[in-house]
Each structure stands twice: as structure tokens, then as C-alpha cells.
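All remarks here apply to the structure that follows.
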Amino acid sequence: VENLTNRLSNAERFHCTAPSANIDQYPELMDFLPKEYQYHICSYKAVNEGSDHTDFETTLRMTLKSKEEILVWLKSMPVTWRVDYTRPTKGSKIIFKTEYRCQRNTKPRATPKNARVSKNTDCPAKLKVTLARTEVACGRQSRSTDPHIPDYPTLVDIVNVHNHNIHVADTVHHQDVHSKAVEQLTKLFEAGHSPSSELDVFKCDLQVQLGNDYIYEHEADETLEG
């Protein structure tokens, strides 16, 4: 009986032979991805030029080696990603594997009946991240034939194709409130301010900090009032 499972060679499975930091060759990704991280870009394809961003598809590798590091990186991205699926890890080879969707795809069960504007646009953008184990029992190195291991154990597939703007005021309105803003408002509440007076004090502080930029920020960050 012939072997029904034809194993792919490393050259067929992995197109990168000597992975190294190369994001400087991809200006669009440099503008989009969080700074201060090392990236090896395996593939990149521009899909469409939007009004405020470039839609693209990319596969990249990162030096992140824990779930916690990955979550911090995701939080610092210009797009807010929501968990779509958490995949079970396979034996000892995979530490973390999760698929995400753009926050503008809320998967609503029904059409909203009230007048409140929904943030759902059924956005097709997705991100998938897989963290491979680089060590097995007793500190022994993984015998994986993946040339990205052990230096780039995190695999990220991004379909950054949005059906909405990602930088303008309407999008910022739907972003999560920044942790520093939450902390500041909590302190004001503990000091005895009402919600309305909290917001007034917060706006005054922003005016002092931002000066002439306050008008734009005020339009773009109405999250506190929404």
C-alpha cells in the first residue's frame, strides 16, 4: 500500500531559510505594527488602499515566548481584537493558539431595536497567533525542523482587511477606554466627584495637557461619554 500521507519537505513547508529581522523592507507594516518588537516577515501582500490605511495579508514570526507577552503586544495594536476561537494545544508542541476578529464584527444575534448606533460592520479582518514550544522536558531543545525555532517561536497570520476606517474618530469612539483614563477617573470618584463632575475635571486636564490638539482629541475620544 502506498504511503497516503506525503510528507512535505522543509523547503515546501517553510519558505524562510535563515529568518532574521526584516520589517524595514515593509513600510506599511512598520506603520501598522507596534514598535519595539522584533519581526521576521514571511510573506506580505497589499490587498487594497483604504481611505486611512492599507489593507493587507501577512504571515510573520516574532520572538515572543509567552502568552502574556503576546497579549501585551495585541493590546498595543491600532486595531482592537476580540477572541474568536481558542484552539486546543496539540500535545507539548504548542503553548498557545487563538484566533481573533476585529471588534467591529460583534456577531450580533439580532438587529438592535433601539436607536443606538451599532459598532458592528461584520468586519472580515482576522488575526491568528500560534506560540510553539522551544523546549521540552528537562530543558531540552525542541527537535522541530521549523527554521524559525527557537528564535521566532510566535507565528502570526493577519488578514488586515477592514470594511471601515481604523484611525478616524468613529473608530476611536468604539475602542476600549485606556487603563490610565480608568485609573484617573477612579481617583476622581474616590475623591467625591459625581460622574458629571469627573468628566468636567478630566476634560480640563486634557485641555491643559493637549493645548491646541485638544479639539481633535475631544472629537476622537468620546468613549468616556458614549
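Source: prediction; values computed, not measured.
- In this structure, NZ on K128 lies 13.0 Å from OH on Y100, to the nearest 0.5 angstrom.
- V47 belongs to a hydrophobic cluster whose remaining members, ordered by chain and number, are V159, V161; membership requires side-chain heavy atoms of ILVMFWY residues under 4.5 Å apart, directly or through intermediates.
- Salt-bridge check for E99 with K126: failed, with every basic side-chain N at 4.0 Å or more from each acidic carboxylate O.
- The side chain to side chain contact (heavy atoms under 4.5 Å, CB included) test applied to P34 returns Y37, Y39, W73, S76, M77, not counting sequence neighbours.
- Under the 4.0 Å criterion applied to side-chain N and carboxylate O atoms, D84 and K107 are assigned as salt-bridge partners.
- Between the side chain of D55 and the backbone N or O of A46, no donor-acceptor pair lies under 3.5 Å.
- Using a 4.5 Å heavy-atom threshold, the side chains of I94 and T130 count as touching.
- Between L131 and L64 the shortest heavy-atom distance is CD1-O, 3.5 Å.
- Remark: F56 engages F32, Y44 in a ring-ring contact (aromatic ring centres under 6.0 Å, His included) (not counting sequence neighbours).
- Not counting sequence neighbours, E28 has no partner by the salt bridge (charged side-chain N to carboxylate O under 4.0 Å, His left out) test.
- Scored by the salt bridge (charged side-chain N to carboxylate O under 4.0 Å, His left out) test, D122 finds no partners at all (sequence neighbours excluded).
- Shown here is K35, whose NZ atom has more than 12 heavy atoms of other residues, nucleotides or ligands within 6.0 Å.
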TODO: Show the numbers, then the answer: is there a side chain to side chain contact (heavy atoms under 4.5 Å, CB included) between T106 and R104?
DONE: CA-CA 6 Å; T106 62; R104 301 299 292 271; over 6 Å; no
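- Both M62 and F96 are part of a single hydrophobic cluster, where members link through side-chain heavy atoms under 4.5 Å apart.
- Here the closest non-hydrogen pair linking P150 and K65 is O-CE, 3.8 Å.
- The closest side-chain heavy-atom distance from I23 to L33 is below 4.5 Å.
- Looking at Y26, its side chain never comes within 3.5 Å of a backbone N or O of S43 through a donor-acceptor pair.
- The CG atom of L60 sits 4.5 Å away from the CD1 atom of I41 when rounded to the nearest 0.5 Å.
- Annotation: side chain of C123 is not in contact with side chain of R101 (no heavy-atom distance under 4.5 Å).
- A 4.5 Å side-chain heavy-atom check between P153 and R133 finds every atom pair outside the cut-off.
- The shortest side-chain heavy-atom distance between K67 and L71 falls under the 4.5 Å cut-off.
- Put simply, OG1 on T58 and CG on L29 are 5.0 Å apart, with the number rounded to the nearest 0.5 Å.
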TODO: Could you check I70 against T154 for side chain to side chain contact (heavy atoms under 4.5 Å, CB included), going step by step and ending with a plain yes or no?
DONE: CA-CA 8 Å; I70 292 172; T154 296; 4.0 Å; yes
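- Side-chain contact between N105 and N120 is present, with heavy atoms from C-beta onward closer than 4.5 Å.
- No side-chain donor from either of Q38 and T63 sits under 3.5 Å from a side-chain acceptor of the other.
- Pairing each heavy atom of R61 with each of L155, the nearest pair is CD-CD1, 3.6 Å.
- For the residue pair H40 and S20, the shortest heavy atom distance occurs at ND1-O, 2.7 Å.
- In this structure, the side chains of L127 and D157 stay at 4.5 Å or more apart for every pair of heavy atoms.
- Using a 4.5 Å cut-off on side-chain heavy atoms (C-beta onward), V156 and T59 make no contact.
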TODO: Would you sort out whether V79 and H162 count as a side chain to side chain contact (heavy atoms under 4.5 Å, CB included), showing the intermediate values?
DONE: CA-CA 10 Å; V79 173; H162 299 268; 3.8 Å; yes
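- A salt bridge is absent between D146 and K93: the closest approach of a Lys/Arg side-chain nitrogen to an acidic carboxylate oxygen does not fall below 4.0 angstrom.
- Residues passing the side chain to side chain contact (heavy atoms under 4.5 Å, CB included) test with T86 are V83, T98, sequence neighbours excluded.
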